[in-house]
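Notes follow the structure.
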Amino acid sequence: AFSTPVNTNEMKQHFKISPDLAGGRKDYDPWDNHPSYEEVDFAHRRGREYVVRLPELLLAYTKYSLQSETAFADDFGQHLTSSVNFQFQTDHRPKAFVLDHDISVLEKKEQTDVLFYTTNLNNVGVTGNALTADNISHPIGTTIQLPNSSDRSIAIPMGLRTLSPAKSSVMEGTLNPNPPPSPYQASFDYFTQLTPFSVHFKLGHFNSLAWVTDLATGKPVPDAQVSVGTASYGSMAQKIDSTATAVTNAQGIAMLPGTILLDPHLNLINNYRRDMPRLVATIIHGDDIARLPLDYYFSTSSDGEYGGAP
């Protein structure tokens, strides 16, 4: 910061920063598109500082030198009385953990996975449960050792297909980064499933409709068992007692009761808090399973998607 207004062009011409902000590139000048603001039209206050932001982020844990000769001038044409030459050291990047898709659906026949992103962490513990089509909940867990990538953010797959006890399952649990990146959040919840099914569910007052199709082919799935029960996040990978059941016909459609039976007091719909109970549809066909919470995260309307699940 400066005690008088300074133009960005002066910084570009007369300040030398090492290591170079362009990262050694000769075809790129980081100052070219950096905005310059004239501040001489505003009243000055005693003690005010004028900040010029650098056009690039600095490297982590790096020693920088900043040099300038007396040719450097402020917006009033006043020059430095002596040259500038000082050094400073940046710190390590703070520990960080990001799970973008804490709710996800993975197609059974594809080799997809859920990624999380880490910075300066040692490992991530994965715990949870996986529910298979036989309605048995299996404990799952592993510790993912992270590569040594000091001060760089790296994407790491959870390895859900290896964790799952079957090719199709519903999985829910917790990721525990080590060391904890924040004193305010030490663990991160996830809910995912490996399924071949696309499920559309229309919840009505007198009756409801479930339509089950195959994700790979788009064809209807006949003879699939559809059940509706009640659960909250945290118990999605457990067996759920059914309030109503039905079987899909040749078009993959199953008719079920509406909220007059499933939720007569409307206590289970529009629950945004994940620890609150909600209606949940479960689809089982052979060795395959899908689970659809009937809530905000999976809701759609004629205007588009409401929730955040991919």
Side-chain angles (χ1 to χ4, degrees), residues 101-110 112-114 127-140 158 160-161 163-174 189-203 208-216 220-221 223-248 252-254 256-257 262-263 268-300 305-310:
H101 300 293
D102 56 342
I103 297 178
S104 61
V105 177
L106 302 181
E107 189 173 346
K108 171 187 172 182
K109 296 180 181 179
E110 300 296 329
T112 50
D113 209 334
V114 173
T127 60
N129 292 281
L131 181 72
T132 49
D134 53 7
N135 262 325
I136 297 177
S137 183
H138 307 261
I140 58 174
M158 285 183 62
L160 292 168
R161 298 177 191 274
L163 280 173
S164 176
K167 292 183 178 180
S168 179
S169 68
V170 176
M171 292 180 281
E172 186 178 41
T174 303
D189 296 333
Y190 67 90
F191 168 60
T192 189
Q193 52 192 300
L194 307 174
T195 182
F197 303 138
S198 171
V199 183
H200 293 75
F201 197 101
K202 184 177 181 181
L203 183 65
S208 300
L209 182 148
W211 183 32
V212 184
T213 56
D214 185 270
L215 280 168
V221 179
D223 301 320
Q225 181 182 357
V226 181
S227 60
V228 178
T230 303
S232 60
Y233 288 98
S235 60
M236 289 293 179
Q238 304 291 337
K239 181 180 179 181
I240 297 175
D241 293 332
S242 301
T243 306
T245 61
V247 176
T248 57
I253 296 173
L256 296 108
L262 300 176
D263 186 17
L268 302 175
I269 62 174
N270 299 323
N271 284 340
Y272 297 98
R273 283 179 44 184
R274 296 192 184 185
D275 60 344
M276 297 181 69
R278 64 209 62 219
L279 293 173
V280 180
T282 303
I283 294 83
I284 296 176
H285 184 265
D287 294 331
D288 297 318
I289 185 172
R291 181 154 279 178
L292 175 62
L294 305 181
D295 63 10
Y296 164 82
Y297 300 104
F298 290 87
S299 294
T300 59
E305 182 182 352
Y306 279 148

* To do: Check whether any side-chain heavy atom of Lys167 lies under 4.5 Å from a side-chain heavy atom of Leu194, and answer yes or no.
  => no
* Asked: salt bridge (Lys or Arg N to Asp or Glu O under 4.0 Å) with Asp102: which residues, sequence neighbours excluded?
  -> Arg274
Quick one: side chains of residues 283-290, donor-acceptor pairs under 3.5 Å with protein atoms, not counting sequence neighbours, listed by atom name and distance.
| residue | atom | partner | partner atom | Å |
| --- | --- | --- | --- | --- |
| His285 | NE2 | Pro222 | O | 3.2 |
| Asp288 | OD1 | Lys108 | NZ | 2.7 |

* Asked: How long is the gap from CZ on Arg278 to CZ on Phe298, to the nearest 0.5 Å?
  -> 10.5 Å
* Asked: Within a strict 4.5 Å, meaning less than it, do heavy atoms of the Thr112 and Arg161 side chains meet?
  -> yes
* His138: side chain to side chain donor-acceptor pair (under 3.5 Å) partners, not counting sequence neighbours -> Thr132
* Structure fact -> In short, Val114 meets His101 closest at the heavy-atom pair CG1-O, 3.8 Å
* Taking side chain as C-beta onward, heavy atoms only, is Lys202 less than 4.5 Å from His200? -> no
* Structure fact -> Of all heavy-atom pairs linking Val280 and Arg291, the shortest is CG1-CG, 3.4 Å
* Asked: Taking only residues two or more places apart in sequence, or in another chain, which ones meet Asp275 in a salt bridge (Lys or Arg N to Asp or Glu O under 4.0 Å)?
  -> Arg273
* Can you list the residues that meet the side chain to side chain donor-acceptor pair (under 3.5 Å) rule with Ser208, with sequence neighbours excluded? -> none
* To do: Identify, with sequence neighbours excluded, every residue that meets side-chain contact (heavy atoms from CB on, under 4.5 Å) alongside Asp189.
  => Thr174
* Asked: Nearest heavy-atom pair of Phe191 and Pro293: which atoms, and what distance?
  -> CE2-CG, 3.9 Å
When the side chains of residues 229-246 are checked against the rest of the protein, which donor-acceptor pairs come out under 3.5 Å, sequence neighbours left out?
| residue | atom | partner | partner atom | Å |
| --- | --- | --- | --- | --- |
| Tyr233 | OH | Asp295 | OD2 | 2.7 |
| Ser235 | OG | Ser232 | O | 2.9 |

* Whether Thr248 side chain and Val221 backbone form a donor-acceptor pair below 3.5 Å -> yes
* Structure fact -> Here the pair of heavy atoms bringing Thr192 nearest to Ser104 is OG1-OG, 2.8 Å
* Asked: What is the distance from atom CG of Leu292 to atom OH of Tyr297, rounded to the nearest 0.5 Å?
  -> 14.5 Å
* **Nearest non-hydrogen partners of Ser169 and Pro165, listed with the distance** => OG-CD, 4.5 Å
* Structure fact -> Contacts of Asp263 meeting side chain to side chain donor-acceptor pair (under 3.5 Å) (sequence neighbours excluded), chain-then-number -> none
* **Spatial distance of atom CD (Gln193) from atom CG (Leu160) [nearest 0.5 Å]** => 11.5 Å
* Structure fact -> Those residues at least two apart in sequence (or on a different chain) that pass side chain to side chain donor-acceptor pair (under 3.5 Å) with Thr195 are none
* To do: First locate atom CG of Leu209, then atom CG of Leu203, and finally report the distance between them rounded to the nearest 0.5 Å.
  => 11.0 Å
* Can you tell me how far the CG atom of Asn270 sits from the CG atom of Leu294, to the nearest 0.5 Å? -> 11.5 Å
* Check Leu262 against Pro257 and note the closest heavy-atom contact, atom names and distance. => CD1-O, 3.2 Å
